[in-house]
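Taking it in order: structure first as structure tokens, then the write-up.
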Amino acid sequence: MEKEPNLPPYPGPPMNQTNMSNQVQTVAYQPQPGPVPAVYPHQPKQSIPMTSAAVAPAVHSASAPVVVTQVMVVSPGLADVPGQMKCPHCQQQIVTETRYVNGLLTWAICGGLGLLMIWPCCLLPFFVDSCKDVEHCCPNCKRVVFLYKRM
């Protein structure tokens with residue numbers, strides 16, 4: 001025997017369902033006043049390169065505006081699993097290899113267990129990978145490209 005589901009009542013006003021195809025409401029939106037961005041025709045548009053090389057600021061004469069180029073190095077969104085990225089050392093597109101290394105969280109848990117006088121369990125964080133930091137290495141050049149710190 002199947003039960004019919006008891007649906008909660010609709011909290012809004014009752015709908016008139018007769019002649020639904022002709023009930024179309026149009027909404028007119030009014031433009032809202034807001035801040036107008038300043039446009040300077042003499043200033044060229046500039047883009048920020050995404051490289052790891054350092055760039056010296058460009059200095060021009062006193063009559064022209066000073067343009068400073070900044071370099072942003074974006075760290076990859078890597079965590080405790082291998083990820084895809086471009087190696088900054090060998091410039092190859094890679095999937096990283098991961099290694100678990102003891103970090104601050106490992107030692108903090110060990111010290112906390114020691115202070116609580118739980119001596120037999122003090123060494124457990126050194127055997128649990130989820131307590132350790134993760135090193136991401138390039139499979140081509142074997143260099144560390146990112147270190148994921150848990151704490």
Exercise. Report whether L113 and M151 are members of the same hydrophobic cluster (ILVMFWY, side-chain heavy atoms less than 4.5 Å apart, transitive linking).
Key: yes
Self-check item: Among V144, V134, V81, V145, the one residue meeting side-chain contact (heavy atoms from CB on, under 4.5 Å) with T96
Solution: V145
Self-check item: Separation between SG of C138 and CD1 of I94, rounded to the nearest 0.5 Å
Solution: 4.0 Å
Exercise. Could you pull out the closest heavy-atom pair between P125 and I109, with the gap in Å?
Key: CG-CG2, 3.3 Å
Self-check item: Presence of salt bridge, D80 and R150, under 4.0 angstrom
Solution: yes
Quiz prompt | Over all atoms of both residues, closest heavy-atom pair of P82 and T98 | solution = N-CG2, 3.8 Å
Exercise. Quick one: closest heavy-atom pair of K132 and Y100, and the distance?
Key: CD-CB, 3.9 Å
Quiz item: In Å, rounded to the nearest 0.5 Å, how long is the span from SG of C122 to CG of L115?
Solution: 8.5 Å
Quiz item: What distance separates T106 OG1 from L123 CG, expressed to the nearest 0.5 Å?
Solution: 12.0 Å
Quiz item: Is the shortest heavy-atom distance from the side chain of K86 to the side chain of Q92 under 4.5 Å?
Solution: no
Quiz item: If two hydrophobic side chains count as joined below 4.5 Å and joins carry through other members, does I118 share a cluster with L105?
Solution: yes
Quiz item: Is there a side chain to side chain contact (heavy atoms under 4.5 Å, CB included) between Q93 and M85 once you walk through the steps?
Solution: CA-CA 6 Å; Q93 195 68 23; M85 66 176 293; 5.6 Å; no
Self-check item: C90 versus N140, closest heavy-atom pair with distance
Solution: SG-CB, 4.1 Å
Quiz prompt | Mutual orientation of the aromatic rings belonging to H136 and F146 [parallel < 30°, tilted 30-60°, perpendicular > 60°] | solution = tilted
Quiz item: Between atom CD of E135 and atom CZ of R99, what is the distance when rounded to the nearest 0.5 Å?
Solution: 4.5 Å
Self-check item: Straight-line distance of D133 CG to N102 CG, nearest 0.5 Å
Solution: 8.5 Å
Self-check item: Smallest separation among heavy atoms of G83 and L78, with atom names
Solution: CA-CD2, 3.4 Å
Self-check item: From CG (L147) to SG (C137), nearest 0.5 Å
Solution: 9.5 Å
